[in-house]
Amino acid sequence: MTTALADFAASLPKAELHLHIEGSLEPELMFALAERNKVAIPFASVEEVRAAYQFSRLQDFLDIYYQGAQVLREEDDFRDLATAYFDRAAADNVVHAEIFFDPQTHTDRGIPFATVLNGLNAGMIEAEKKHGLTSKLILCFLRHLDEEAAFQTLKAAEPFLDRIAGVGLDSSELGHPPEKFARVFAAAGTMGLKRVAHAGEEGPPDYVHQALDILEIDRLDHGNRALEDSQLTTRLAREAMTLTVCPLSNLKLCVVDHIDAHPMKRMLDAGLRATVNSDDPAYFGGYVNDNYRALAGTGQLSREDFVTLARNSFLGSFLPDEAIARHLAALAAHVAAA
Ligand code: HPA
Ligand code: ZN
């Protein structure tokens, strides 16, 4: 029964809206790139890397994630990284992906912004040709760095704005509230960019309020802790704010103690436009369908809930209305035939 439900969920055409491309760097590719670029990494084997992926909070993960990203140096590295993700996503019936990248992780090491952007873009073009998988890029500011650094990054992005759909906010949440980036988000809005932010992963409900009211976000990344504030939950539901929820990430980073304690069912029952995403699949134990399957395994969600989640992934995307309508029609046809 559960397997049938998991298979059904996995079969659904879907969008992925919360994926850090640097977080899709599998240990095998990390080793290959370390060798190709002559970058030293503090691990002797792929097994040793995987064994190091034990986290008790967000910062534990971030420390190792930024270290892993050091092997990415050339345009081809970024293309190979993107291609590996898109091949894996296509196998999970992802037909559209809106992916985060962290330019500061690279420009701070002397890698030009253009190297990152052009490499990722080459992978995106290839994915559309090979799989028909469309994608968009979201530039994330690292919130542990200052406002000035974020402004410099936005400036570096200016020549590439035709290939960037929006800006986001990631990295260490606690102690770095959204209001720290009020002005840079306002500038991004003026430039016609969409705005999203990680909030309420570890941070309190007030950070979600700030993301809504000060950053004027179009989409909320994670948002788990919004559930602690019933008025905020009601507001998110009323405004049809999309939440990009990441169940296996929540488990690995101890945002939830057990997958059965994941609030996805509560989110749907509260009328929230929740979606399922993998966040950093190479680090958190799986790609998007592993997340759908993990939820199916809790026995809490129905077939209709999974259709809602897949529908929400398109409704919450930054695709034009006609593309969303096309994807929803294809999803409905798939469900009718299943
Ligand atoms: N949270 C915050 N920052 C991040 C994450 C995350 O889950 N993944 C990559 N950067
Ligand atoms: Zn994330």
Side-chain angles (χ1 to χ4, degrees), residues 1-19 92-96 98 196-201 205 208-209 211-212 217-251 253 255-279 284 286-317 324 327-328 330-332 334-336 338:
M1 171 60 198
T2 309
T3 313
L5 185 60
D7 289 347
F8 171 73
S11 77
L12 298 171
K14 52 183 69 78
E16 178 152 48
L17 305 179
H18 186 151
L19 178 284
D92 281 359
N93 302 306
V94 171
V95 292
H96 177 70
E98 300 187 355
V196 304
H198 284 54
E201 180 183 21
V208 176
H209 278 292
L212 294 169
I217 52 167
D218 298 290
R219 199 157 73 200
L220 173 61
D221 296 317
H222 294 297
N224 298 47
R225 291 196 59 193
L227 291 175
E228 294 169 22
D229 178 336
S230 64
Q231 285 185 359
L232 176 59
T233 303
T234 305
R235 174 183 174 187
L236 290 167
R238 189 180 60 239
E239 295 180 3
M241 176 59 64
T242 299
L243 274 68
T244 63
V245 182
C246 308
L248 290 175
S249 163
N250 293 158
L251 186 63
L253 299 183
V255 168
V256 298
D257 296 333
H258 192 280
I259 195 66
D260 292 340
H262 194 278
M264 184 58 92
K265 180 64 178 169
R266 276 200 289 145
M267 288 173 164
L268 292 176
D269 288 350
L272 293 173
R273 188 190 272 177
T275 61
V276 180
N277 307 274
S278 67
D279 207 1
F284 297 152
Y287 288 78
V288 74
N289 272 352
D290 297 303
N291 281 270
Y292 275 85
R293 287 182 181 282
L295 288 175
T298 68
Q300 296 167 15
L301 281 80
S302 66
R303 189 179 157 99
E304 290 67 38
D305 288 330
F306 283 107
V307 176
T308 298
L309 288 167
R311 279 181 61 80
N312 288 350
S313 75
F314 296 117
L315 290 169
S317 76
I324 292 176
H327 284 301
L328 292 178
L331 172 63
H334 177 93
V335 170

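Atoms considered below: every heavy atom in the structure, side chains included; atoms not considered: hydrogens, waters and symmetry mates. Computed from a prediction, not measured in an experiment: that's the story for all the values here.
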Asker: Hey, does Phe284 have a side-chain heavy atom less than 4.5 Å from the side chain of Leu251?
Answerer: no
Asker: For residues 222-234, which residue pairs pass the salt bridge (charged side-chain N to carboxylate O under 4.0 Å, His left out) check, not counting sequence neighbours?
Answerer: Arg225-Glu228
Asker: Tell me whether the count of non-hydrogen atoms from other residues, nucleotides or ligands lying under 6.0 Å of CZ in Arg311 goes above 12.
Answerer: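 Counting other residues, nucleotides and ligands, CZ of Arg311 stays at 12 neighbours or fewer.
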Asker: Quick one: salt bridge (Lys or Arg N to Asp or Glu O under 4.0 Å) partners of Glu304, sequence neighbours excluded?
Answerer: none
Asker: Would you please name every residue forming a side chain to side chain donor-acceptor pair (under 3.5 Å) with Thr308, sequence neighbours left out?
Answerer: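 So Thr308 forms no side chain to side chain donor-acceptor pair (under 3.5 Å) with any residue.
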Asker: Can you see which heavy atom on Val95 is nearest to which on Pro13, and at what distance?
Answerer: CG1-CB, 4.5 Å
Asker: Using salt bridge (Lys or Arg N to Asp or Glu O under 4.0 Å) as the criterion, list what pairs up with Glu16, not counting sequence neighbours.
Answerer: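 Not a single residue meets the salt bridge (Lys or Arg N to Asp or Glu O under 4.0 Å) criterion with Glu16.
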Asker: So Val335 and Leu12, do their side chains get closer than 4.5 Å, heavy atoms only?
Answerer: yes
Asker: Output a table of donor-acceptor pairs, distance under 3.5 Å, between side-chain atoms of residues 262-271 and any protein atom two or more places apart or on a different chain; print 'none' if there are none.
Answerer:
unit_1, atom_1, unit_2, atom_2, d
His262, ND1, Met264, N, 3.0
His262, NE2, Asn250, OD1, 2.8
Lys265, NZ, Asp305, OD2, 2.7

Asker: Looking only at heavy atoms, what is the nearest atom pair of Gln300 and Asp260, with distance?
Answerer: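 That would be NE2-O, 2.7 Å.
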Asker: For residues 219-250, pull every pair meeting ring pair (Phe, Tyr, Trp, His ring centres under 6.0 Å), keeping only residues two or more places apart or in separate chains.
Answerer: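 Listed once each, the pairs are His18-His222, His198-His222.
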Asker: Considering all heavy atoms of both residues, which atom of Asn291 and which atom of Gly286 are nearest to each other, and what is their separation?
Answerer: ND2-O, 3.8 Å
Asker: Donor-acceptor pair, distance only, cut-off 3.5 Å: does the side chain of Asn312 make one with the backbone of Thr275?
Answerer: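 Pair absent, no side-chain N/O of Asn312 close to backbone of Thr275.
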Asker: Quick one: list whatever passes side-chain contact (heavy atoms from CB on, under 4.5 Å) with Ala338, sequence neighbours left out.
Answerer: Phe8, Arg303
Asker: Check side chain to side chain donor-acceptor pair (under 3.5 Å) between Glu239 and all other residues, then give those that pass, not counting sequence neighbours.
Answerer: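 Per chain and number, Glu239 pairs via side chain to side chain donor-acceptor pair (under 3.5 Å) with Arg235.
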Asker: Any non-hydrogen side-chain atom of Leu212 less than 4.5 Å from a side-chain atom of Leu236?
Answerer: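 Yes, side chains in contact.
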Asker: So which atom in Pro247 and which in Val276 form the shortest heavy-atom distance, rounded to 0.1 Å?
Answerer: CD-CG1, 4.2 Å
Asker: I need the minimum non-hydrogen distance between Leu301 and Leu295, along with the two atoms involved.
Answerer: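 Of all heavy-atom pairs spanning Leu301 and Leu295, the closest is CD1-O, 4.3 Å.
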Asker: Checking Ala15 now: which residues fulfil side-chain contact (heavy atoms from CB on, under 4.5 Å) with it, not counting sequence neighbours?
Answerer: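 Ala15 satisfies side-chain contact (heavy atoms from CB on, under 4.5 Å) with Leu17, His96, Ser313, Phe314 once adjacent residues are dropped.
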